[in-house]
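Below: the structure, in structure tokens.
Numbers here are sequence positions counted from 1. Only heavy atoms go into these numbers, but all of them, side chains included; no hydrogens, no water, no symmetry mates.
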Amino acid sequence: MNKQPILVVLHQERSSPGRVGQILIEKGFPLDIRRPVLGDPLPDTLAHHAGAVIFGGPMSANDPDAFVKAEIDWISVPLRENKPYLGICLGAQMMVKNLGGTVAAEGNGLTEIGWYPLRATEHGRLLMRWPKMVYHFHREGFDVPRGVQLLAEGDAYPHQAIRYGDNAWGVQFHAELTRAMMHSWVVRGASRFVMPNAQQGREHLEGRMIFDAPLKAWLYDFLDLVFERSSAGDAGKHQTLDAPVAG
């Protein structure tokens with residue numbers, strides 16, 4: 001049976017959905033890629049889509065640009081229709097803003113640029129296994145609005161993965177990078193490696209050799225959790241089982 005497409009929102013002309021896109025295509029989902037920053041419209045309904053993913057970008061969820069506010073407001077569509085939604089970094093921060101939460105830099109100006117530890121909360125552990133190290137490229141984080149479950153925690157930015165309702169998810173880290181994407185981010189983002197708590201480029205690439213395989217395996221299972229539960233008929237099961245971007 002043919003699956004409905006997944007709406008993919010990107011924020012730069014050359015941005016790619018990376019491994020998220022590759023895995024979704026492998027799972028049988030066509031991709032409907034839109035770039036609102038370049039004038040692409042977002043649909044009024046997701047009735048003809050299986051869900052949506054909003055990726056990261058160099059902008060902030062606090063920026064005054066019209067397209068940023070429009071994307072934040074648009075997230076009400078999947079939330080209202082209870083369609084699967086995944087926000088990655090900026091996309092997670094936008095969801096938090098939509099829900100009335102706050103997006104801000106850590107008080108001491110710390111960044112997470114490189115590989116950092118991840119710890120699942122009790123809610124997160126009941127859903128699935130999580131990787132111990134994840135890749136970041138951001139200098140802002142989000143709080144946890146009322147009604148949102150915290151699934152995973154970190155050090156400099158304690159809120160790393162969240163869930164709202166049955167079908168809305170957000171992660172602060174990046175599991176979608178292919179090897180080519182990481183090399184590009186390390187080259188084009190080198191000026192940010194002097195920021196507080198940022199790792200040097202060689203640490204990004206060395207960390208990938210050590211930590212990327214578990215992160216990729218997690219992503220495969222996580223995309224099942226987000227987009228395949230309804231079609232698999234086991235939505236209740238998961239609730240009861242034990243350019244470089246700034247966003």
How long is the span from the [atom1] atom in [X] to the [atom2] atom in [Y], to the nearest 0.5 Å?
X      : Y      : atom1 : atom2 : answer
Tyr85  : Ser76  : OH    : OG    : 11.0 Å
Asp155 : Glu106 : CG    : CD    : 11.0 Å
Met94  : Ile54  : CE    : CD1   : 6.0 Å
Leu42  : Leu7   : CG    : CG    : 6.0 Å
Arg163 : Leu225 : CZ    : CG    : 6.5 Å
Ile88  : Met95  : CD1   : CE    : 12.0 Å

Step through the shown structure and confirm whether more than 12 heavy atoms of other residues, nucleotides or ligands are within 6.0 Å of [atom1] on [X].
X      : atom1 : result
Tyr164 : OH    : no
Arg119 : CZ    : yes
Arg146 : CZ    : no

Nearest heavy atoms of [X] and [Y], plus distance in Å:
X      : Y      : result
Pro84  : Ala50  : CD-O, 3.3 Å
Leu46  : Ala52  : CD1-CB, 4.2 Å
Trp130 : Arg125 : NE1-N, 4.2 Å
Ala61  : Leu90  : N-CD1, 3.6 Å
Leu177 : Met182 : CD2-CA, 3.7 Å
Ile75  : Gly91  : CD1-O, 4.3 Å

Just by modelled atom types, is the [Y] backbone N or O under 3.5 Å from a matching donor or acceptor in the [X] side chain?
X      : Y      : answer
Glu203 : Gln200 : yes
Glu81  : Thr45  : no
Arg35  : Gln12  : yes
Asp73  : Ala70  : no
Asn197 : Glu112 : no
His49  : Pro5   : no
Asn167 : Asn82  : yes
Tyr157 : Thr111 : no
Asn62  : Val103 : yes
Arg34  : Pro41  : yes

> Going by atom types only, do Ser184 and Arg188 share a side-chain donor-acceptor pair under 3.5 Å?
Replying inline: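 Yes, a side-chain donor-acceptor pair sits under 3.5 Å.
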> Does a side chain donor of either Gln93 or His138 reach within less than 3.5 Å of an acceptor in the other side chain?
Replying inline: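 There is no such pair (donor and acceptor under 3.5 Å, judged by atom type) between the side chains of Gln93 and His138.
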>> Would you say the rings of His204 and Phe193 are close, in the sense that their centroids are separated by under 6.0 Å?
In response: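 Yes, close enough.
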Measure the shortest side-chain to side-chain distance between [X] and [Y] over non-hydrogen atoms and say whether it is less than 4.5 angstrom.
X      : Y      : answer
His183 : Val187 : no
Lys83  : Gln4   : yes
His159 : Gln172 : no
Leu31  : Pro17  : yes
Asp224 : Lys27  : yes
Pro214 : Arg129 : no
Leu79  : Leu99  : yes
Met133 : Leu215 : no

> Should the pair Trp185 and Phe137 be assigned to parallel (<30°), tilted (30 to 60°) or perpendicular (>60°) ring geometry?
Replying inline: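 The rings of Trp185 and Phe137 stand perpendicular, inter-plane angle above 60°.
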> So among Phe29, Trp169, Phe222, which one has a side-chain contact (heavy atoms from CB on, under 4.5 Å) with Phe227?
Replying inline: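 Of Phe29, Trp169, Phe222, side-chain contact (heavy atoms from CB on, under 4.5 Å) with Phe227 is met by Phe29 alone.
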> Ile162 and side-chain contact (heavy atoms from CB on, under 4.5 Å): which partner among Leu151, Val171, Leu150?
Replying inline: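 Passing option: Leu150.
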> Which is it for Met181 and Arg19 under the side chain to side chain contact (heavy atoms under 4.5 Å, CB included) test, yes or no, and what are the steps along the way?
Replying inline: CA-CA 10 Å; Met181 289 170 67; Arg19 281 199 306 220; over 6 Å; no
> Would you call Glu228 and Lys3 a salt bridge, using N to O less than 4.0 angstrom?
Replying inline: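 Here Glu228 pairs with Lys3 in a salt bridge, since their nearest N and O are under 4.0 Å apart.
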>> Could you check whether Asp212 pairs with Lys216 (Lys NZ or Arg NE/NH1/NH2 to Asp/Glu carboxylate O, under 4.0 Å)?
In response: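 Here Asp212 does not pair with Lys216 in a salt bridge, since their nearest N and O are not under 4.0 Å apart.
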> Does the ring of Phe142 carry Lys97 above it, NZ/CZ under 6.0 angstrom from centre and within 45° of its axis?
Replying inline: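 No, a cation-pi geometry is absent between Lys97 and Phe142.
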> side chain to side chain contact (heavy atoms under 4.5 Å, CB included) between Trp218 and Leu118: does it pass, once the steps are laid out?
Replying inline: CA-CA 12 Å; Trp218 169 85; Leu118 186 75; over 6 Å; no
Going only through I, L, V, M, F, W and Y residues with side-chain contacts under 4.5 Å, is there a path from [X] to [Y]?
X      : Y      : result
Val20  : Met128 : yes
Ile113 : Leu205 : yes
Val226 : Val53  : yes
Tyr116 : Val186 : no

> Could you go step by step and tell me if Asp65 and Met59 meet the side chain to side chain contact (heavy atoms under 4.5 Å, CB included) rule?
Replying inline: CA-CA 9 Å; Asp65 304 74; Met59 60 289 300; 5.7 Å; no
>> Using the rule given for side chain to side chain contact (heavy atoms under 4.5 Å, CB included), can you reason through Phe55 versus His174, listing the C-alpha separation, both sets of side-chain angles and the distance that settles it, and then say yes or no?
In response: CA-CA 9 Å; Phe55 283 80; His174 295 277; over 6 Å; no
